[in-house]
Amino acid sequence: MHNLKEIRKDFDSFKKALEKRTIDIDIDKLKNLDLKNREFIQKKELLEKEKKEISKSKDKSLFAKSKEISLSIEKIDSQQKLVKDDLDKILSNIPNIPHDDAPIGKDENDNIELKKNGKIPKFDFKPKSHYELGEKLNMLDFDLASKTTGSRFVFVKNKLALLERAISNFMLDTHINKNGYEEISPPLLASENTMFGTGQLPKFENDQFEVKLDKENDRKFLIPTAEVILTNIVKDTIIDLKSLPLRFVASTPCFRKEAGSYGKDTKGMIRQHQFYKVELVSIVEQNKCLEELERMTNCATNILDLLELPYRKMILCTGDMGFSAEKTYDIEVWLPSENRYREISSCSSCSTFQANRMKTRYKNQAKETLYAGTLNGSGLAVGRTLIAILENYQQKDGSIIVPKILRPYMNNLEKISLN
RNA sequence: GGAGAGAUGGCUGAGUGGUUGAAAGCACCGGUCUUGAAAACCGGCAAAGGGGCAACUCUUUCCUGGGUUCGAAUCCCAGUCUCUCCGCCA
């Protein structure tokens with residue numbers, strides 16, 4: 001959410017900045033509402049002051065007048081509230097302003113590759129897809145999932161279940177012990193207000209799974225990413241400067257409706273309604289966002305280096321960034337069966353955008369109250385890491401070599417095969 | 001599910017109708033003292049919003065929403081959340 005006070009300084013450049021995202025807002029409407037809102041506030045404050053003075057004077061002859069004033073205040077107040085609601089509604093649907101570092105562009109085709117790492121494996125046979133491999137091993141079962149649950153779910157079984165767990169634990173351990181993140185095991189349900197804080201609501205309600213509770217107006221949602229719940233740890237707080245930066249990591253299931261992606265990635269476990277992800281979240285002083293973004297992205301790519309998986313680092317263009325982000329790096333891992341790179345991590349700085357929504361602040365050395373910077377990144381998506389390992393480490397006979405770094409997490413298992 | 005207690009500033013906590021935005025303590029910041037630190041002492045320290053180039057100033061806020069009153073942290077009603085006890089259950 002944007003701070004209206006900041007927008008007010010220069011409405012036109014605000015509008016222009018949003019055009020980078022190919023978003024066109026009715027700036028005159030915004031300007032107008034803001035003006036009206038402030039007019040009402042001024043009127044109201046004038047009357048309130050008058051009323052306050054009467055009550056202080058304790059002059060009985062003025063009591064009737066005070067009563068009258070109360071009525072006019074009420075009237076103005078309800079008008080002002082309508083305008084304010086309108087204003088909030090518009091503001092809460094406007095995405096973050098892209099940072100100048102983000103290349104201008106329309107969609108994913110305009111993203112820019114920054115670097116490539118790792119060796120793309122060469123096969124003397126036609127590499128199989130992860131679902132062919134997994135099904136042949138009897139360790140990925142999509143049919144069973146559609147029987148018990150529906151499409152876009154999967155049963156991971158046996159040694160692949162162990163592998164999934166190993167991936168998750170390895171990533172957690174690395175981020176906790178080497179990268180200084182605090183481990184969190186959070187709730188998987190989030191309140192409406194929490195979902196608003198990180199920007200999932202109100203605009204993206206269709207992507208969220210809402211859980212029915214008995215009470216009508218108490219809405220809960222399955223988290224689409226741990227970002228939601230980890231970032232909101234600092235909702236409604238003024239953080240002690242000394243405790244910054246805060247760094248949290250969690251491995252959680254994530255739930256997404258994937259409403260807009262019918263027919264996309266229908267095969268396999270690339271795009272599921274439920275998947276595990278290790279998520280990194282940082283809360284920092286607002287001027288340290290970009291610095292932290294580099295650090296966080298390195299934490300993510302470091303995992304791929306350790307797993308010896310080939311990847312490339314992309315910077316997202318203005319048109320492809322998420323709602324709350326000012327700057328985003330995507331890490332894409334090589335998938336032999338598709339002969340291309342696929343997203344496995346996305347690291348974003350949200351500047352003070354989420355903090356404004358969550359009311360997360362800190363006091364700097366000069367005692368000014370400032371909104372914090374928030375960042376989030378996958379470190380990494382566990383399901384897709386599993387896919388990448390299956391495909392990149394596959395052997396001709398359909399067995400899978402276990403990456404060295406994971407073996408300690410799997411009773412030193414070196415190879416996953418049928419027997 | 002049954003019974004009770006509570007919600008006040010960054011934290012602890014006083015305050016039951018009229019300069020109370022709110023005592024006190026802690027924390028924090030600045031200073032004195034000290035070789036340095038601690039202690040002690042002195043001073044400062046809520047947020048949001050409005051007006052103003054600024055100095056500054058005004059309004060709101062004691063869980064939320066209504067109500068009573070000239071006036072509400074304080075009284076009434078509804079709701080939310082938290083805690084304790086009992087029951088049930090992982």
Side-chain angles (χ1 to χ4, degrees), chain A residues 1-11 30-92 185-197 211-221 229 232-246 253 283-286 352-372:
Chain A
M1 185 114 106
H2 296 284
N3 195 331
L4 196 52
K5 269 202 253 180
E6 296 299 318
I7 300 175
R8 194 144 62 210
K9 285 181 191 160
D10 190 348
F11 280 100
L30 198 67
K31 220 189 263 186
N32 245 313
L33 286 172
D34 178 44
L35 220 62
K36 258 203 237 167
N37 182 236
R38 284 185 293 156
E39 267 171 34
F40 282 132
I41 288 172
Q42 284 169 46
K43 270 194 210 168
K44 199 168 74 171
E45 288 189 350
L46 216 67
L47 291 172
E48 274 165 345
K49 195 179 175 193
E50 201 178 334
K51 190 178 149 181
K52 208 173 172 179
E53 268 155 18
I54 291 175
S55 123
K56 256 187 192 168
S57 75
K58 298 186 202 171
D59 181 346
K60 278 192 183 149
S61 66
L62 294 172
F63 286 177
K65 173 129 196 244
S66 171
K67 187 93 184 172
E68 239 171 73
I69 293 172
S70 293
L71 289 173
S72 1
I73 289 177
E74 229 169 277
K75 237 192 235 161
I76 296 169
D77 191 55
S78 62
Q79 285 174 293
Q80 189 256 335
K81 264 189 186 145
L82 285 177
V83 174
K84 186 72 178 23
D85 282 355
D86 246 9
L87 214 45
D88 285 343
K89 208 169 158 191
I90 292 172
L91 285 175
S92 60
S185 175
L188 304 179
L189 288 180
S191 70
E192 192 174 6
N193 182 261
T194 292
M195 295 286 278
F196 176 85
V211 176
K212 270 223 160 94
L213 293 180
D214 296 340
K215 290 176 204 157
E216 195 56 42
N217 45 6
D218 182 20
R219 308 181 73 193
K220 306 265 190 254
F221 298 83
I229 204 91
N232 275 281
I233 286 174
V234 293
K235 178 173 78 172
D236 289 318
T237 50
I238 298 178
I239 307 165
D240 189 350
L241 182 63
K242 274 190 274 184
S243 59
L244 292 178
L246 290 167
I283 315 293
V284 302
E285 290 173 68
Q286 55 175 226
T352 56
F353 185 82
Q354 292 179 325
N356 264 285
R357 295 179 153 246
M358 297 189 299
K359 305 202 169 25
T360 300
R361 291 146 296 172
Y362 66 96
K363 283 192 203 252
N364 66 6
Q365 210 68 47
K367 295 222 136 199
E368 296 165 305
T369 307
L370 299 175
Y371 284 101

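All values reported here derive from a predicted model rather than from experimental measurement. Residue numbering restarts at 1 for every chain, and letters A, B, ... go by the order of the sequence lines.
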Quantified in whole Å, what is the P atom distance between nucleotide B:G4 and nucleotide B:C77? 15 Å

Quick check on RNA chain B: between A:Asp240 and A:Ile41, whose nearest nucleotide comes earlier from the 5' end? A:Asp240

What integer distance in Å separates A:Lys84:NZ from B:A48:P? 13 Å

Whole angstrom value for the distance that separates P of B:G21 from NZ of A:Lys56: 8 Å

A:Arg361 side-chain N/O to B:A47 phosphate OP1/OP2 under 4.0 Å: no

Check the phosphate of B:C58 against A:Lys52, side-chain N and O only, distance under 4.0 Å to OP1 or OP2. Yes or no? no

Contact class for A:Thr369 (heavy atom, under 4.0 Å): base, sugar-phosphate, or nothing? sugar-phosphate

Inspect the surroundings of NZ in A:Lys84 and state if more than 12 heavy atoms from other residues, nucleotides or ligands are less than 6.0 Å away. no

Would you indicate whether A:Lys36, at its atom NZ, is surrounded by more than 12 heavy atoms from other residues, nucleotides or ligands within a distance under 6.0 Å? no

Contact nearer the 5' end of RNA chain B, comparing A:Leu62 with A:Lys81: A:Lys81

Distance in angstrom units between A:Leu35 CG and B:G49 P, rounded: 18 Å

Does A:Lys81 pair with A:Asp85 as a salt bridge, N-O distance under 4.0 Å? no

I'd like the P distance from B:C26 over to B:A39, given in whole Å. 11 Å

Nucleotide B:G71, atom C1' - distance to NZ of A:Lys65 in whole Å: 16 Å

When the C1' atoms of B:G52 and B:G44 are compared, how many Å lie between them, rounded to an integer? 25 Å

Can you tell me the distance, in whole Å, between the NZ atom of A:Lys235 and the C1' atom of B:C81? 12 Å

Minimal heavy-atom distance between A:Phe40 and A:Ile76, with the atoms involved, is O-CG2, 3.6 Å

A:Asp88 CG to B:G49 P, straight-line distance once rounded to whole Å: 11 Å

Between C1' on B:C11 and NZ on A:Lys363, what's the gap in Å once rounded to a whole number? 14 Å

Mind checking if A:Lys5 touches a base, just sugar-phosphate, or nothing, with heavy atoms under 4.0 Å? sugar-phosphate

So, does A:Ser55 get its side chain near the phosphate of B:A72, meaning an N or O under 4.0 Å from OP1 or OP2? no

Closest non-hydrogen atoms of A:Ile238 and A:Tyr362, given as atom of the first, atom of the second and distance, are CG2-CA, 4.2 Å

Between A:Gln42 and B:G50, does any side-chain N or O lie under 4.0 Å from OP1 or OP2? no

So what does A:Ser57 touch, heavy atoms closer than 4.0 Å: a base, only the sugar-phosphate, or nothing? nothing

A:Arg8 side chain N/O closer than 4.0 Å to the phosphate oxygens (OP1, OP2) of B:G50? yes

What pattern of brackets, bars and dots sums up RNA chain B from 5' to 3', given Watson-Crick or G-U wobble pairs under 3.5 Å, [ ] for crossing pairs and | for another strand? (((((((..(((.....[.....))).(((((.......))))).((((((....)))))).(((((..]....))))))))))))....

Roughly, in whole Å, what's the span from CZ in A:Phe40 to C1' in B:C58? 20 Å

Taking atom C1' in both B:C56 and B:G6, what distance in whole Å separates the two? 41 Å

Picking from B:G49, B:U60, B:G10, which would you name as closest to the side chain of A:Ile238? B:G10

Distance between C1' atoms of B:A73 and B:U64 (Å, rounded): 14 Å

Would you indicate, yes or no, if B:C70 has its OP1 or OP2 atom less than 4.0 angstrom from a side-chain nitrogen or oxygen of A:Lys51? no

B:G50 to B:C63 separation - C1' atoms, rounded to the nearest Å: 25 Å

Closest contact, heavy atoms only, A:Leu87 versus A:Leu4: CD2-CD2, 3.7 Å

Base B:G49 to side chain A:Glu45, donor-acceptor N/O within 3.5 Å cut-off: yes

Can you tell me how far C1' in B:G21 sits from the matching atom in B:A46, rounded to whole Å? 8 Å

Taking 4.0 Å as the cut-off, does a side-chain nitrogen or oxygen of A:Lys43 come that near to OP1 or OP2 on B:U59? no

B:G49 versus B:G31 - spacing of their C1' atoms, nearest Å: 34 Å

